[in-house]
**Student:** 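Attaching a single structure in structure tokens format; questions to follow.
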Amino acid sequence: MSWALLVPAGIAGLFLLLPLVGLLVRAPWSALPDLLTEIAVRQALLLSVETATATTVLSLLFGVPLAWLLARTRFPGRSLLRALVTLPLVLPPVVGGVALLLVLGRRDIVGQYLDGWFGITIPFTSVGVVIAQTFVAMPFLVVSVEGALNSADRRFEDAAATLGAGPWMTFRRVTMPMTAPAVAAGAALCWARALGEFGATITFAGNFPGTTRTTPLAVYLALETDSDTAIALSLVLLAVCVGVLVALRGRWFPGTRRILRNRGTRDGAPDALERSIP
């Protein structure tokens, strides 16, 4: 291996690794159980888990159909819609929070009607936390599922249609089983991203204890007054992120390898479909 590549690669690796090592070295390991059982810390952790889970459920309900629409249909403006879907991946989260506030605020485009007609106020509530996290995290699920759908072998779906399956049955009995690993991977990435969301949350939902103060916000607040608590919460987020990445190792597009393996059994596809479709 060329030293011209090895040296900068090593520097890059150290640059990414050393901050994590510093976090582990400075961690108050002996006081960690007490720090994580404090009321404020438990509230932040519980709220983060609840809102991240709700975000993932919403992303599955709406993101999977959106991914199918982008991968399986052709319509004017499709490229623009795909660009808008992926925009939150590169948009600064605080800008996303401002945009949500200008749409759902009590006196803004949609929020004024929600408040005037139904008495519903979304900003600076737990619902606002979920909406902010969904805005930032759902694209991870959509991109993962769309990639799996684009790489899936369409002949299985065509064979299901020739056997009399309608669009909904084909989607439920053929498409979803083929892309289930990608859906699971996208959901895990979505959950982890929602758990660590900060910018859009603090801008759109605020930082109220027990209501909108998630774990990243608690880390930011504790860093000013109690660095040990901030480090303890950071370790929790680090452990979750590492766990998700280890679980998804080699599975960014998990449906592709299985589909490629199944391409050698083309003759058996109609028989398998016939057995799965009543």
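Worth knowing before you read on, the calculation uses all heavy atoms, side chains too, and leaves out hydrogens, waters and symmetry mates.
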**Student:** Hey, could you give me the CG/CZ distance between L89 and R193, rounded to the nearest 0.5 Å?
**Tutor:** 9.0 Å
**Student:** Could you list the cluster mates of I202? Members are the ILVMFWY residues connected by side-chain heavy atoms closer than 4.5 Å, either directly or through other members.
**Tutor:** F198, L217, Y220
**Student:** Side chains of I122 and F204, heavy atoms from C-beta outward: is any pair under 4.5 Å?
**Tutor:** yes
**Student:** Salt bridge check, E38 against R42: does any charged N sit closer than 4.0 Å to a carboxylate O?
**Tutor:** no
**Student:** Might you point out which heavy atoms bring A71 and R74 nearest each other, and give the distance in Å?
**Tutor:** O-NH1, 3.8 Å
**Student:** Would you indicate whether the side-chain heavy atoms of L87 and V90 approach each other to under 4.5 Å?
**Tutor:** yes
**Student:** Tell me, with the steps shown, if V142 and L70 meet side chain to side chain contact (heavy atoms under 4.5 Å, CB included).
**Tutor:** CA-CA 9 Å; V142 175; L70 293 173; 4.2 Å; yes
**Student:** Taking the side chain as C-beta and beyond, is there a heavy-atom pair between L23 and I231 under 4.5 Å?
**Tutor:** yes
**Student:** With heavy-atom distances below 4.5 Å as the criterion, would you say the side chains of T55 and W191 are in contact?
**Tutor:** no
**Student:** Spell out, yes or no, whether V183 and W168 are grouped together once hydrophobic residues are joined by side-chain heavy atoms under 4.5 Å, including indirect joins.
**Tutor:** yes
**Student:** Is it the case that more than 12 heavy atoms not belonging to R106 sit under 6.0 Å from its CZ atom?
**Tutor:** no
**Student:** Taking all non-hydrogen atoms of both residues into account, name the closest pair between P177 and F171 and its distance.
**Tutor:** CD-O, 4.5 Å
**Student:** Could you tell me which non-hydrogen atom of M138 sits nearest to which non-hydrogen atom of S59, and how far apart they are?
**Tutor:** CB-OG, 3.5 Å
**Student:** Taking the side chain as every heavy atom from C-beta outward, state whether V145 and L66 have any pair of such atoms under 4.5 Å apart.
**Tutor:** no
**Student:** Apply side chain to side chain contact (heavy atoms under 4.5 Å, CB included) to L233 and L45, showing your working.
**Tutor:** CA-CA 8 Å; L233 289 172; L45 289 172; 4.0 Å; yes
**Student:** Would you kindly confirm whether V41 and V219 end up in one hydrophobic cluster when ILVMFWY residues are joined by side chain heavy atoms under 4.5 Å apart?
**Tutor:** yes
**Student:** To the nearest 0.5 Å, tell me how far D228 CG sits from L32 CG.
**Tutor:** 10.0 Å
**Student:** Take V129 and T214 through the side chain to side chain contact (heavy atoms under 4.5 Å, CB included) test and state the conclusion after the steps.
**Tutor:** CA-CA 9 Å; V129 175; T214 56; 3.8 Å; yes
**Student:** For G97 and T203, work out which heavy atoms get closest and say how close.
**Tutor:** C-CG2, 3.7 Å
**Student:** Hey, quick one: are V103 and L100 part of the same hydrophobic cluster, counting side-chain heavy atoms closer than 4.5 Å, chains of contacts allowed?
**Tutor:** yes
**Student:** Sequence neighbours left out, what passes ring pair (Phe, Tyr, Trp, His ring centres under 6.0 Å) with F208? Give chain and number order.
**Tutor:** none
**Student:** About how many Å separate CG of L69 and CG of L149, when rounded to the nearest 0.5 Å?
**Tutor:** 11.0 Å
**Student:** For G128 and A205, which heavy atoms make the closest approach, and how far apart are they?
**Tutor:** C-CB, 4.0 Å
**Student:** Would you indicate whether R26, at its atom CZ, is surrounded by more than 12 heavy atoms from other residues, nucleotides or ligands within a distance under 6.0 Å?
**Tutor:** no
**Student:** Membership question, hydrophobic clusters at under 4.5 Å side-chain separation (ILVMFWY): are I131 and L102 in the same one?
**Tutor:** no
**Student:** Counting neighbours of CZ on F75 that are heavy atoms of other residues, nucleotides or ligands and sit closer than 6.0 Å, is the number greater than 12?
**Tutor:** yes
**Student:** Mind listing the closest non-hydrogen atom pair of A218 and A44 along with its distance?
**Tutor:** CB-CB, 3.8 Å
**Student:** Hey, are the side chains of P216 and E197 touching, using non-hydrogen atoms and a 4.5 Å cut-off?
**Tutor:** no
**Student:** To the nearest 0.5 angstrom, please state how far the CG atom of L35 sits from the OG atom of S30.
**Tutor:** 8.5 Å
**Student:** Do the side chains of E146 and V85 get nearer than 4.5 Å, heavy atoms only?
**Tutor:** no
**Student:** Are L104 and V136 connected into the same hydrophobic cluster when the rule is that any two of I, L, V, M, F, W, Y join if their side-chain heavy atoms are below 4.5 Å apart?
**Tutor:** yes
**Student:** To the closest 0.5 Å, what do you measure between CH2 (W29) and CG (L24)?
**Tutor:** 5.5 Å
**Student:** Rounded to the nearest 0.5 Å, how far does CZ of R213 lie from CG of L47?
**Tutor:** 10.5 Å
**Student:** Quick check: are there more than 12 heavy atoms from other residues, nucleotides or ligands sitting under 6.0 Å from CG of L16?
**Tutor:** yes
**Student:** Donor-acceptor check, side chain of S126 to backbone of T212, threshold 3.5 angstrom: yes or no?
**Tutor:** no
**Student:** For Q133 and L195, what are the C-alpha separation, side-chain angles and deciding distance, and is it a side chain to side chain contact (heavy atoms under 4.5 Å, CB included)?
**Tutor:** CA-CA 8 Å; Q133 291 177 348; L195 192 71; over 6 Å; no
**Student:** Looking at V49, V236, L46, L237, which hits side chain to side chain contact (heavy atoms under 4.5 Å, CB included) with T215?
**Tutor:** L237
**Student:** Is there a side-chain contact between V242 and V246, using heavy atoms and a 4.5 Å cut-off?
**Tutor:** yes
**Student:** Between the main-chain N or O of A182 and the side-chain N or O of T179, is there a donor-acceptor pair closer than 3.5 Å?
**Tutor:** no
**Student:** Is a donor on one side and an acceptor on the other found under 3.5 Å between the side chain of T51 and the backbone of S48?
**Tutor:** yes
